[in-house]
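Reckoned from all heavy atoms, side chains included, excluding hydrogens, waters and symmetry mates.
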Amino acid sequence: MALGVAELFHGLFGSAIPSVIGALGQRVIELVPGGLATRAIETLGKADIPLLVAALVCGSLASGALLATLSRRRPVAALAGVGALWLAGTAAALAEPSAAALPTAAALLVAAACGTWVSGLLLRAGRGEGRDTGRTMPGVRRREAGSRAPTEVGRRGFVLLAGAAAAAGVAAAGAGRLLSSREPSREAARPLRLPEDRPAGGGARVHKSLPPPPEAASIEVRGMPPLITPAEDFYLIDTALVSPRVDAREWSLKIGGNVENPLELSYADLLSMPTREADITLSCVSNEVGGGLVSNGRWTGVLLSDVLREAGVDPRRITGSSSQIVGRSVDGWTAGFRTELAFDGREALVAFGLNGNELPLKHGYPARLVVPGLYGYVSATKWLSEIELTGWDFDAYWIQRGWAKEGPVKIQSRIDTVRDGETLPAGRIPVGGVAWAPHRGISRVEVSTDGGRTWNEARLAAQLDPDSWRQYLYGWDARPGRYTLQVRATDGEGRTQTARRTPPHPSGATGYHAIRVTVV
Ligand SMILES: Nc1nc2c(c(=O)[nH]1)N[C@H]1C(S)=C(S)[C@@H](COP(=O)(O)O)O[C@H]1N2
Ligand SMILES: [Mo]
């Protein structure tokens with residue numbers, strides 16, 4: 001009942017009174033050690049959040065039951081327990097950046113009171129039931145002498161009352177969910193509309209778009225991932241239990257900290273700056289060798305360096321106290337990287353478009369950072385609300401949880417067209433996939449079919465951009481037998497992937513992707 005009423009308040013008042021289950025879940029996500037959190041995401045996949053919510057609801061119901069039981073003998077202790085639960089829920093909710101303190105505390109107090117009141121009602125009804133001694137017809141009960149039970153409803157009555165209470169709780173929760181889902185909701189991204197370009201000679205406002213990828217950049221073979229990952233297939237990693245829903249008309253991006261000229265840009269301001277498209281492969285530090293936490297997007301955005309220059313940042317005058325660029329999200333998440341990287345020529349973007357559309361909600365609408373060559377956890381802040389220049393001593397979200405301070409993407413390659421454990425007919429087998437080393441590009445990919453003793457040069461598709469992954473294909477003339485296939489790539493600077501196997505923690509996995517196949 002308490003949870004239901006809390007959820008109803010959330011539905012009525014939106015993010016000012018956060019969902020208590022949502023907030024508790026969020027705190028659990030933040031408190032579990034980094035490695036464990038990533039592991040959970042990887043092993044549970046998309047089920048991680050439903051499972052977490054289910055666990056929290058069950059836990060809450062169990063603690064309610066415990067307290068109700070306790071209250072029969074020790075009502076004061078039980079009431080203190082209710083107070084503790086209220087405190088925990090309120091603390092969790094108030095840690096949400098959007099929470100309004102007094103209304104939240106008050107709403108949760110009302111919710112806790114509702115729960116306590118209903119429990120009391122049920123307990124008194126149950127007590128009448130419990131002290132019943134006679135074997136009489138259903139619904140007719142004798143009261144034990146001296147019992148203070150004010151109601152005497154019988155077993156059926158009790159079940160009815162409990163059922164009604166449960167139904168009311170569930171209904172309140174359902175109504176709350178329904179109401180909160182009416183907030184600006186758009187799961188599917190709309191086409192990105194940029195303001196009109198000024199006529200030629202009319203000024204600096206330019207929107208640079210890219211031509212469609214050349215055909216030579218794609219190799220058409222079954223199992224090859226598309227050169228540009230469709231937005232709905234783009235890998236997804238974040239700590240948000242529910243994606244923040246930001247209204248772009250009310251949103252703004254602050255650029256502050258140690259800058260000459262702190263500023264605040266509206267969505268319209270941002271879109272009317274010179275924009276460009278860039279093909280950038282984004283990957284997660286927790287991606288295992290051969291894993292799927294990597295995708296290639298065609299991003300639209302404004303150069304981060306342009307935004308920083310607007311704020312008076314001079315790349316020749318970066319000092320200790322402006323050596324880190326920290327991106328802050330509306331949900332409080334942070335990521336940081338060296339300020340130089342915004343000015344070294346790479347297309348670090350404040351991005352608001354993906355594959356020609358607005359950013360999907362899950363990928364950071366209305367704006368996020370994308371920095372070629374850096375893992376997402378140090379750079380790719382979604383639902384971006386602030387860019388702050390600060391000292392290197394500030395540790396962002398995942399750094400506080402034990403991941404490496406700097407997150408350059410390690411060169412990696414993956415076999416996609418053949419799967420581990422597959423049985424294939426003898427003959428020519430296309431062994432292909434993708435290799436990436438943003439922002440250095442890929443110059444060579446080799447495939448081994450004998451467990452790494454000999455290596456064969458793979459054919460490379462044209463390099464779309466050094467920031468993008470590159471497709472490769474090796475035509476393997478396979479005879480029957482059992483084989484271990486491996487792949488390794490060399491980057492644009494001539495450095496070849498290391499064979500040494502290291503786990504994702506703390507700075508990204510290394511080693512060759514290896515799969516076993518049987519040829520018959
Ligand atoms: N606000 C916010 N931004 C975030 C994260 C997050 O948890 N919260 N996760 C980061 C991590 S670890 C990665 S790998 C990328 C993933 O971006 P995607 O979900 O769009 O693929 O987003 C980054 N940006
Ligand atoms: Mo990540």
Side-chain angles (χ1 to χ4, degrees), residues 1-34 36-38 40-41 44 47-68 70 78-116 118-119 169-170 172-177 179-181 183 238-246 328-334 382-383 385 396-398 400-401:
M1 177 60 79
L3 284 182
V5 172
E7 211 54 46
L8 183 60
F9 273 115
H10 168 58
L12 288 171
F13 297 99
S15 52
I17 300 180
S19 153
V20 75
I21 285 288
L24 281 169
Q26 200 62 63
R27 300 295 85 76
V28 170
I29 291 171
E30 286 164 11
L31 290 175
V32 291
L36 193 69
T38 345
I41 293 167
L44 302 175
D48 57 351
I49 287 168
L51 278 173
L52 175 59
V53 169
L56 285 167
V57 170
C58 291
S60 309
L61 291 178
S63 39
L66 269 172
L67 289 176
L70 180 67
L79 218 54
V82 172
L85 283 185
W86 169 78
L87 212 65
T90 304
L94 291 186
E96 294 289 305
S98 60
L102 275 177
T104 299
L108 295 185
L109 198 62
V110 171
C114 284
T116 312
V118 168
S119 306
V170 170
R177 296 270 61 177
L179 284 167
S180 58
S181 67
E183 278 183 53
D238 56 57
T239 60
L241 203 55
V242 245
S243 296
R245 294 171 188 275
V246 180
R328 284 179 195 282
S329 165
V330 299
D331 67 357
W333 191 86
T334 52
K382 305 194 268 191
W383 314 290
S385 62
Y397 188 93
W398 283 113
Q400 292 167 23
R401 288 158 178 79

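- Looking at heavy atoms from C-beta onward, Leu56 lies in side-chain contact with Leu52 at the 4.5 angstrom threshold.
- For the residue pair Ser119 and Gly115, the shortest heavy atom distance occurs at OG-O, 2.7 Å.
- No side-chain N or O of Thr239 forms a donor-acceptor pair with one of Glu30 less than 3.5 Å apart.
- The shortest heavy-atom contact between Pro244 and Val330 is CB-CG2, 3.6 Å.
- Looking at Thr334, its side chain does come within 3.5 Å of a backbone N or O of Tyr397 through a donor-acceptor pair.
- Annotation: the span from Gln26 atom CD to Ile21 atom CD1 amounts to 13.0 Å, rounded to 0.5 Å.
- In this structure a side-chain-to-backbone donor-acceptor pair under 3.5 Å is missing from Glu7 to Gly174.
- Closest heavy-atom contact between Thr104 and Ala99: OG1-CB, 4.2 Å.
- Under the rule for a side chain to side chain contact (heavy atoms under 4.5 Å, CB included), the partners of Thr116 that lie at least two apart in sequence or sit in another chain are Leu79, Val82.
- Applying the side chain to side chain contact (heavy atoms under 4.5 Å, CB included) test to Leu8 and every residue at least two apart in sequence or in another chain returns Leu12, Ala172, Ala175, Leu179.
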### Task
Run the numbers on Lys382 and Asp238 for side chain to side chain contact (heavy atoms under 4.5 Å, CB included), then give the verdict.
CA-CA 9 Å; Lys382 305 194 268 191; Asp238 56 57; 3.0 Å; yes
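- Using a 4.5 Å heavy-atom cutoff, the side chains of Phe9 and Pro103 are not in contact.
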Sequence neighbours left out, cut at 3.5 Å: what donor-acceptor pairs do the side chains of residues 85-95 make with other protein atoms?
unit_1 : atom_1 : unit_2 : atom_2 : d
Trp86  : NE1    : Thr90  : OG1    : 3.3
Trp86  : NE1    : Ala105 : O      : 3.3
Thr90  : OG1    : Trp86  : O      : 2.7

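- Put simply, the side chain of Ser98 never gets that close to the backbone of Ala16: no donor and acceptor are under 3.5 Å apart.
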